[in-house]
Amino acid sequence: MLAPNEPTFRQSVDMMFNRAVALMDLSPGLEEKIRVCNSTYTVRFGVRLRGHIQTFTGYRSVHSEHMEPVKGGIRYSPAVNQDEVEALAALMSYKCALVEAPFGGSKGGLCIDPRQYEPHELELITRRFAYELIKRDLINPSQNVPAPDMGTGEREMAWIADQYKRMNTTDINGNACVTGKPAHAGGIQGRVEATGRGVQYALREFFRYPEDVAASGLSGKLDGKRVVVQGLGNVGYHAAKFLSEEDGALIVGIVERDGALVDDRGLDVEAIRNWIERHGGVAGYADGTYVKDGATVLEHECDILIPAALEGVINLANAARIQAPLIIEAANGPITAGADEILRDKGTVIIPDMYANAGGVTVSYFEWVKNLSHIRFGRMQRRQEEARHQLIVDELEQISAAMGSTWSLSSDFKQKYLRGADELELVRSGLDDTMRSAYQSMREVWHGRGDVPDLRVAAYLVAIDRVAKSYQAKGL
Ligand code: NAD
């Protein structure tokens, strides 16, 4: 619960925006144009369930159409409201600009607790919500392209795509109306893991700069760093899994809805995820210490804190007690504007949401391009690439034999070198490149200008500058 003196999520985003534009030289008119949310559509629709009609409320907000289509997830949560959807839509505009995904910003939400419904009921509700949005072009391959967010995933995206195609039978690009679809239904390899993978790539990039690491008071590499994660959903689970399995990080705390688990020797992410799937929460899990008031574990001593659940969890009430020197905002808006200030004063380094969770929209961009081009990435090049590599290997081995040498390439090297990249490898490569370039553009501004206090302001400066240039190019 936010304290009464805490701004709303949208006010927090606006305050962070204002901090950045104060350092820019934009005309007040353009500043206002970029800040405001262009439109929010509210829909109330009825679905007959369990013998009577239930009415649901949904939103689709379009923050900025400086580029189209606009892009942003659809969230299913009982807490969804207009303020939240507008804040999230604004973040999408800035996020897309920061990672150079050619979209404006949008977001959608449905006030619903999906856990209270059977899959066939959720399908009816989702299709009806999608119908309302599709008929107003608020879902459309060239105008507005949703994706998964909290409470939604591949399954819902497949229903939405199918609904669009039923209503637009001659649109050859119908699959591009939504991203995050299953691989067998027009999706792309690596989309489910993309946001968590992006968090991993973001941290790897951060740890490539000793100067930035030192700013947080940490040193060395990711290996051995103690991590607390809040939310073991899509984003939190993948981030925790990859960081522990591939980078040697120790997941010492996992915070969920019903409490938290703590173990300074490291928790088994996979086993806990399976436990949550079977039991609906972390309570009762055999290893680690169970803490009933899970939110207190955000204050646990650790190196890296990854809030990956929902907004406003680090606020005026607990910010002063947060011990992690480095926070990476995997969720959108987990730190309120007031908490941000307290943490900045303490010297905490915050890798901001706009950048940290941009892996999802980046791979969504790849999926949209794949849908429009109607061909899987790598299909034309893969075998040709392998054939060219084979030529080099054969030639080297022939030269070696002709010289009477016993030298040869190791079979491990050959296996790796001879394999052409498949779609998943290409997606990861594109994501890695995007996360690295975006971090570099932020840190150049952070360190280069002298008046930029942190990475969040830097991220806003890069993003707003790009959105402004786009509006200026349109003559605004
Ligand atoms: P999800 O629904 O898959 O997972 C959310 C997790 O948080 C669940 O495990 C849930 O039990 C847990 N949770 C909910 N309330 C909690 C609480 N009060 N305390 C602790 N845990 C709680 O959602 P997700 O897709 O992983 O999204 C998480 C965050 O990441 C959201 O802020 C979302 O906007 C952001 N995000 C998601 C994506 C994506 O691709 N899915 C992309 C960008 C940003």
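We count ligands from 1, going down the list as the structure has it; atoms in each ligand are counted the same way.
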Over 12 non-hydrogen atoms of neighbours within 6.0 angstrom of CZ in Arg278: yes
Tyr365 OH: over 12 foreign heavy atoms closer than 6.0 Å: no
Qualifying residue, where the test is side-chain hydrogen bond (donor to acceptor under 3.5 Å, both in side chains) with Gln200 and the options are His238, Lys241, Glu245, Glu246: Glu246
Geometric cation-pi criterion Arg443 and Tyr209, 6.0 Å radius, 45° cone: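 Judged by the rule (NZ or CZ under 6.0 Å from the ring centre, within 45° of its axis), Arg443 counts as positioned above Tyr209.
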Residues Gln189 and Glu425: side-chain donor-acceptor under 3.5 angstrom: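 Short answer, no.
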Step-by-step side-chain hydrogen bond (donor to acceptor under 3.5 Å, both in side chains) determination, Glu156 to Thr126: CA-CA 7 Å; Glu156 287 74 16; Thr126 302; 5.5 Å; no
Those protein residues which place at least one heavy atom below 4.0 Å from ligand 1: Arg75, Asp149, Met150, Gly151, Arg191, Thr195, Gln230, Gly231, Leu232, Gly233, Asn234, Val235, Val255, Glu256, Arg257, Ala308, Ala309, Leu310, Ala330, Ala331, Asn332, Asn357
